[in-house]
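Since the structure comes first, as structure tokens, the remarks are kept for the end.
Please read these numbers as outputs of a predicted model, since none were measured by experiment. Each chain gets a letter, A, B and so on, in the order the sequences are listed, and its residues count up from 1.
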There are 2 protein chains.
Amino acid sequence: MFGAHKRLSEKQERILRFLHQFLEEHSYPPSIRDIQQGCDVSSTSVVDYNLRILEREGHIRRSPEISRGIELLGRQRETQPAFQTVGVPVLGYIAAGEPIPSYAAESWASDPMETLELPASWLDGRGEVYALKVKGQSMIDALIDDGDTVVVQRASEARDGETVVAWLKAEQEATLKRFYHEGGRVRLQPANSQMAPIYADPRNVEVQGKVLGVIRLLR
Amino acid sequence: MFGAHKRLSEKQERILRFLHQFLEEHSYPPSIRDIQQGCDVSSTSVVDYNLRILEREGHIRRSPEISRGIELLGRQRETQPAFQTVGVPVLGYIAAGEPIPSYAAESWASDPMETLELPASWLDGRGEVYALKVKGQSMIDALIDDGDTVVVQRASEARDGETVVAWLKAEQEATLKRFYHEGGRVRLQPANSQMAPIYADPRNVEVQGKVLGVIRLLR
DNA sequence: CCTTGGCATGAACGAATGTTCTTGGCCAGC
DNA sequence: GCTGGCCAAGAACATTCGTTCATGCCAAGG
């Protein structure tokens, strides 16, 4: 297997722990002599020796000839931007028969009821993203339960097959469905394949956003 | 106001931009000569001079006598531990009629098929947590679709009302249900309230873990 | 017994890097 | 015109720091 971690000696583990601690405190990596002092090692060459092993075992990466050129690998990253979370505002509830809260884009200050932390990697370069809590079991045909959270990217159009937050004007009803253009009308297909689709007039359907995901956190 | 930023010269802004860029790429700060090259400056003393100003104006902090001892100040939260993600191993698939992959706890090396990034705040102090991908629609009565991901905390016991990953020995079937002791038997309640519960002999039910959450990422 | 490989020690070399000194252009204000 | 503040260039100087060398202990294995 590739990248498997062999057993580390006590000194090596101590150095690894010191690296984590130092990086939390200083925001720049330690020098070899910093490690030497911090871990009660007799010589810099010992540190160098153990660092080579840590690198070979895939725990760190070193940049030769560069002072403090040590990076922690794997594990929870530190300042790695791609592995941080982004706060997504939870704007309100979604339920059949109630209007969908609007998203005042520019004013980040329009205070959401709460904020949902999501890994930045899930959102990539997507634009305005917000979240809605599902109230009641009206979305059960989309396999979404009471209390679930849906993550939505604001959009007013959708391509065939995308799951959207749709507002049916006449029925005064919000719903989550797969979206298809079909000739002059629109087909809204429940996620649950055992349910029948809804056909609607395009003028009666207002797309509010695309559904990026559904999250159900239990207790 | 305290710490107000005075106007920066063009060279100073360029250095500041270079600092940000370098830190994103390298995870260790640049040396003065790195900055000199990256910003087309004639001398290291010029860099030093401008760094002093940037420090005086509160944009950076420098550690004297320490190579690469430059820290960016302010900015968006960097190393905020509560807002980081944790890699959760996706161990395999769960489907009715197939055994559930076991989680070799001690060997971090037992390589998962992939890793799911989750905000650390969702897991808090919980112990061994892993994830399973749902194959097929056998979990549809728990409102879980093909392709969904379930996040599981390893456990062999459960309290009433908790949702568990259960293995029915006789039926050779894995399932996600609410768990209740009821006299001498066990009631397994589907999440979908429209479905009927299953009653089983405790000796036939093996609890593998508690379900922390369900995640459905669309396209 | 001897060799081999993992591990540790101490010292030194040399490159990387922070710091300082000298010099000089530009410009507002007295 | 002279002065002082701001900014910059070029060159050295002094540390810091990565790397290497020589040496020795010790257990596993032929």
Side-chain angles (χ1 to χ4, degrees), chain A residues 3-23 25-73, chain B residues 4-23 25-73 109:
Chain A
H5 298 331
K6 273 175 59 179
R7 177 168 240 77
L8 295 180
S9 79
E10 191 178 330
K11 187 151 292 189
Q12 284 150 18
E13 286 204 39
R14 185 166 182 191
I15 291 179
L16 210 47
R17 263 183 284 121
F18 180 80
L19 282 176
H20 280 108
Q21 184 194 325
F22 193 100
L23 278 175
E25 293 175 6
H26 295 81
S27 89
Y28 49 81
S31 70
I32 287 199
R33 282 170 178 82
D34 287 335
I35 302 175
Q36 181 192 0
Q37 283 199 0
C39 297
D40 289 319
V41 180
S42 59
S43 163
T44 59
S45 66
V46 181
V47 179
D48 181 67
Y49 170 78
N50 286 291
L51 285 182
R52 282 174 200 274
I53 297 180
L54 288 178
E55 181 172 30
R56 169 160 49 83
E57 298 302 323
H59 290 93
I60 63 176
R61 188 192 328 159
R62 298 181 71 190
S63 305
E65 316 272 297
I66 285 186
S67 70
R68 301 170 188 271
I70 302 179
E71 306 177 47
L72 260 328
L73 250 37
Chain B
H5 298 331
K6 273 174 61 179
R7 176 168 237 77
L8 295 180
S9 78
E10 191 179 330
K11 186 151 291 189
Q12 283 149 20
E13 286 203 37
R14 185 166 181 190
I15 290 179
L16 210 47
R17 262 183 285 122
F18 180 79
L19 282 176
H20 281 109
Q21 183 194 326
F22 193 99
L23 278 175
E25 293 175 7
H26 295 82
S27 90
Y28 49 81
S31 70
I32 286 200
R33 281 169 178 83
D34 286 337
I35 302 175
Q36 183 192 359
Q37 284 200 1
C39 297
D40 289 320
V41 180
S42 60
S43 164
T44 59
S45 66
V46 179
V47 178
D48 180 68
Y49 170 78
N50 285 290
L51 285 182
R52 282 174 199 274
I53 296 179
L54 287 178
E55 181 171 29
R56 170 160 48 84
E57 297 302 323
H59 290 94
I60 63 175
R61 189 194 323 163
R62 297 181 73 189
S63 305
E65 318 270 301
I66 285 186
S67 70
R68 300 169 187 271
I70 303 179
E71 306 177 46
L72 261 326
L73 253 37

Open item on the list: The side chain of B:Ser42 is closest to which nucleotide in this list: D:dA8, C:dG18, D:dT19?
Closed with: D:dA8
- [ ] Would you indicate which nucleotide in D:dC17, C:dT19, C:dA15 comes nearest to any side-chain atom of B:Thr44?
- [x] C:dT19
Task: Under-4.0 Å side-chain N/O to phosphate OP1/OP2 contact, B:Ser67 with D:dC17 - done: yes
Task: Candidate nucleotides C:dT19, C:dA16, D:dT20, ranked by approach to the side chain of B:Ile32 - the nearest - done: C:dT19
- [ ] Would you please confirm or rule out a distance under 4.0 Å between OP1 or OP2 of C:dT20 and any side-chain N or O of B:Arg52?
- [x] yes
Task: Separation of D:dG18 C1' from B:Tyr28 OH (nearest whole Å) - done: 13 Å
- [ ] Would you give the length of the straight line joining atom CG of A:Leu51 to atom CZ of A:Arg62, rounded to the nearest 0.5 angstrom?
- [x] 4.5 Å
Task: Among D:dC17, D:dA11, D:dA9, the nucleotide that comes nearest once only the side chain of A:Arg68 is considered - done: D:dC17
- [ ] Write down the distance between CZ (B:Arg14) and P (D:dC7), rounded to a whole number of angstrom.
- [x] 17 Å
Task: From D:dT20, C:dA8, D:dC6, nucleotide with atom closest to A:Val46 side chain - done: C:dA8
Task: Phosphate OP1/OP2 of D:dC17: any A:Ser31 side-chain N/O under 4.0 Å - done: yes
TODO: Please check the phosphate of C:dA16 (OP1 and OP2 only) for any side-chain N or O of B:Arg33 closer than 4.0 Å.
DONE: no
- [ ] For the side chain of A:Ile66, starting at C-beta, report the closest nucleotide among D:dC21, C:dA8, C:dT17.
- [x] C:dT17
TODO: Kindly give the heavy-atom pair with the smallest separation between A:Tyr28 and B:Ser63, and that separation in Å.
DONE: OH-OG, 3.1 Å
- [ ] Determine whether the side chains of A:Asp34 and A:Ser31 contain a donor N or O and an acceptor N or O closer than 3.5 Å.
- [x] yes
Open item on the list: I want to check one thing: is the phosphate of C:dT9, taken as OP1 and OP2, less than 4.0 Å away from some side-chain N or O of A:Lys11?
Closed with: yes
Task: Validation row: A:Leu19, A:Pro30 side chains within 4.5 angstrom (heavy atoms) - done: yes
Task: The single option from B:Val41, B:Asn50, B:Ile15 passing side-chain contact (heavy atoms from CB on, under 4.5 Å) against B:Ile35 - done: B:Ile15
Open item on the list: When you measure from the side-chain N and O atoms of A:Asn50 to the phosphate of C:dA8, is any distance below 4.0 Å, counting only OP1 and OP2?
Closed with: yes
TODO: Verify, without hydrogens or angle tests, whether A:Gln36 (side chain) and A:Ser42 (backbone) share a donor-acceptor contact under 3.5 angstrom.
DONE: yes
Open item on the list: Can you identify which nucleotide, out of C:dG6, D:dC7, C:dT9, has its nearest atom closest to the B:Tyr49 side chain?
Closed with: D:dC7
Task: Any B:Arg62 side-chain nitrogen or oxygen under 4.0 Å from OP1 or OP2 of C:dT17 - done: no
Task: Out of D:dA9, C:dT19, D:dT19, whichever nucleotide has its closest atom nearest the side chain of B:Val41 - done: D:dA9
Open item on the list: Output the rounded distance in Å from CG (A:Asp48) to P (C:dA11).
Closed with: 18 Å
- [ ] In whole angstrom, give the distance that lies between atom CD of A:Glu65 and atom C1' of D:dT16.
- [x] 15 Å
Task: Protein-nucleotide distance (B:Ile70, atom CD1; C:dT17, atom P), rounded to Å - done: 11 Å
Task: Spacing of B:Asp34 atom CG relative to C:dA15 atom C1', expressed in whole Å - done: 14 Å
Task: Among C:dA11, D:dA11, D:dC7, the nucleotide that comes nearest once only the side chain of B:Ile53 is considered - done: D:dC7
TODO: Would you mind reading off the distance between B:Asp40 atom CG and D:dA8 atom C1', rounded to a whole angstrom?
DONE: 15 Å
